[in-house]
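Start at 1 and go down the list; that is how both ligands and their atoms are numbered. Quick caveat: nothing in here was measured; it's all calculated off a predicted structure. The first residue in the sequence is number 1, and the count goes up from there.
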Amino acid sequence: MKLLVQKGRIIDPVTGIGGQMDLLIENGILSLIASEIREPDAVHLDASGLMVCAGLVDIHVHLRDPGFTYKEDLFSGGQAAAKGGFTSIACMPNTKPTIDSPARVTELKNRAAEIQTVQIYPIASVSRGQLGREITQAEELRRAGAVALSDDGMPVSSANLMRDALICAKSAGLPILSHCEDASMVEGRAVNEGRISRRLGLPGRPAIAEEIMVMRDIMLAAETGSPVHICHVSTRGSVELIRNAKKQGIPVTCETCPHYFTLTEEEILTQGSMAKVNPPLRTLRDVQAIIEGLQDDTIDVIATDHAPHAAKEKTLPLIEAPSGISGLETALGVTLTALYHTGKLGLSHILQKMTANPALILGIPKGRLAIGAPGDLTLFHPTERWEVRAEDFVSKGKNTPFHGQTLTGKVKYTILGGKIVYQDS
Ligand code: DOR
């Protein structure tokens, strides 16, 4: 099976390959990149006018399977990933049951292998049942196929447990992806602490609740020498702490999500629970700091934190509604619109944070265009405009605060192992 992608504009931040070229994928592997390839027996795909990059990699996705398949399942999440241009996704373990044992990782991996549209990499939990009391078995989890450990959604409260977990994760060769919010400061609170929370008369989730945990994890990473990856950075203070830690050579990496560099807490006033997410949307100053963090590489990764929920849940009153945004199908468009088309970040820089960097952190052989690499590609039109319509999402989660927005930049084809798994109609 051969696929020849012709006349696209190739862009690869790692190898520096660029310009109009053809790519040949044979038996799932990228076998040739050249200015003009003749291969009569290959399937031909005309990529004129399109950008061609390595398939996007998302380090932070909630697939809700098993246990909450009314919100999403491996199949629907896989469809949403492909539509968003993602060929590799790492899925969080806050399912029912929690993915906290080698047997559960193996079971998930086997079911994920059936999904044709995306490669799914399991993340196992840091603590059993994500209860924060007892660490899981990092080495066995890695051998079963886990690519990282995380209690995302249920931050690890005990510094002692986090310390033990970091030490074990390091010897197993797994990164810990840490959701940084001090539970005692955020429980039962729906919005950022500040102007909007005061206006609504609600207790808020303060920036310090995130920053205190970021600081703790940086200190633990420094002490143990174990890499820690901070999830969904949302505050100016967190960016500053991570910037300083990196300067000192502490092994910390981090991600942010499109909603943290585009939206502020004001969205709550018009969108209610559609804009409810953990950590919460912050202020314009925070948004600006997140963009600066992306520019100077304090922030390594743009992830989605794809968190689908059912419509009936998101229409509950603000306090009761679950937190999260369905992000796979809008991530590239929102990012190109907000960062590339405004001149804030170059295309190669953006793609590095959506391909090579997350792949490197997860230790998976993805995210680059090179001979011998997997034949995973994303083809997008950089200037095509389109309107986000939640009802058009293939994800079961239609919960997006970007509904109605016009974005510039659209995924046209997603190719996984040389097979076209998504084509824009
Ligand atoms: O808003 C969020 N939703 N943040 C998280 O960390 C978890 C996620 C979820 O699982 O719904």
Side-chain angles (χ1 to χ4, degrees), residues 58-73 76-77 80 89-100 122-127 129-130 132 148-157 176-183 185-192 204-205 209-210 213-214 217 229-235 238 254-260 262-263 265 267-268 271-282 301 303-314 316 318-328 330-331 395-402:
D58 194 350
I59 197 171
H60 191 148
V61 172
H62 296 272
L63 289 178
R64 311 296 193 206
D65 188 348
F68 303 101
T69 51
Y70 67 95
K71 295 177 194 260
E72 194 76 291
D73 57 41
S76 61
I89 58 176
C91 62
M92 286 293 177
N94 61 340
T95 51
K96 199 166 156 194
T98 308
I99 307 302
D100 62 359
I123 299 172
S125 61
V126 170
S127 68
Q130 287 193 290
L149 303 176
S150 182
D151 274 3
D152 184 69
M154 301 274 283
V156 178
S157 287
I176 290 190
L177 279 41
S178 181
H179 178 140
C180 287
E181 281 191 297
D182 183 303
M185 294 172 121
V186 299
E187 242 159 50
R189 307 175 189 199
V191 298
N192 183 42
R205 299 169 91 96
E210 175 175 320
M213 293 287 270
V214 169
D217 285 352
H229 175 83
I230 311 290
C231 295
H232 37 51
V233 168
S234 74
T235 79
S238 296
C254 72
E255 73 196 31
T256 193
C257 313
H259 39 275
Y260 298 120
T262 52
L263 306 177
E265 56 183 352
E267 293 294 325
I268 289 285
Q271 304 223 43
S273 70
M274 259 331 161
K276 182 181 175 188
V277 60
N278 294 339
L281 300 176
R282 308 281 188 184
V301 169
T304 65
D305 189 8
H306 177 73
H309 292 290
K312 65 177 187 308
E313 298 172 311
K314 273 294 197 182
L316 289 168
L318 190 58
I319 302 295
E320 291 154 51
S323 303
I325 289 169
S326 182
L328 284 168
T330 50
S395 166
K396 290 185 191 176
K398 316 290 181 202
N399 47 305
T400 174
F402 296 108

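Under 4.0 angstrom from ligand 1, the non-hydrogen atoms of H232 all belong to its side chain. Contact annotation: for M92 versus ligand 1, there are no heavy atoms closer than 4.0 Å. Contacts with ligand 1 closer than 4.0 Å are made by heavy atoms of both the backbone and the side chain of S323. At a 4.0 Å heavy-atom cut-off, ligand 1 touches R64 through the side chain alone.
From the protein, the heavy atom lying nearest to atom 8 (C) of ligand 1 is H62 NE2, 3.7 Å. Considering only non-hydrogen protein atoms, atom 1 (O) of ligand 1 sits nearest to N278 N, 2.8 Å.
For ligand 1, the atoms lying closer than 4.0 Å to a non-hydrogen atom of H179 are 5 (C), 6 (O). Contact atoms of ligand 1 toward G153: 6 (O), 7 (C) (distance under 4.0 Å to a heavy atom of the residue). Residue contact check: D305 has heavy atoms under 4.0 Å from atoms 4 (N) of ligand 1. Near H309, with a cut-off below 4.0 Å to any heavy atom, the atoms of ligand 1 are 11 (O).
Of the possible polar contacts, one joining the K276 side chain to the A321 backbone as a donor-acceptor pair under 3.5 Å is found. Not one N or O on the side chain of E72 forms a donor-acceptor pair closer than 3.5 Å with the backbone of L63. A donor-acceptor contact shorter than 3.5 Å links the side chain of E255 to the backbone of H232. Here the side chain of D151 pairs no donor or acceptor atom with the backbone of V156 at under 3.5 angstrom.
Contact annotation: the side chain of C231 never approaches that of D305 to less than 4.5 Å [non-hydrogen atoms, C-beta and beyond].
T98 and Q130 share no donor-acceptor pair across their side chains, judged by distance under 3.5 Å alone. For the residue pair T235 / R282, no side-chain donor-acceptor distance below 3.5 Å is found, with atom types taken as modelled. Looking only at atom types and distance, the side chain of D152 has a donor-acceptor partner in the side chain of H60 under 3.5 Å away.
Closest to atom 7 (C) of ligand 1 by heavy atom, among V277, D152, I325, T95, is D152.
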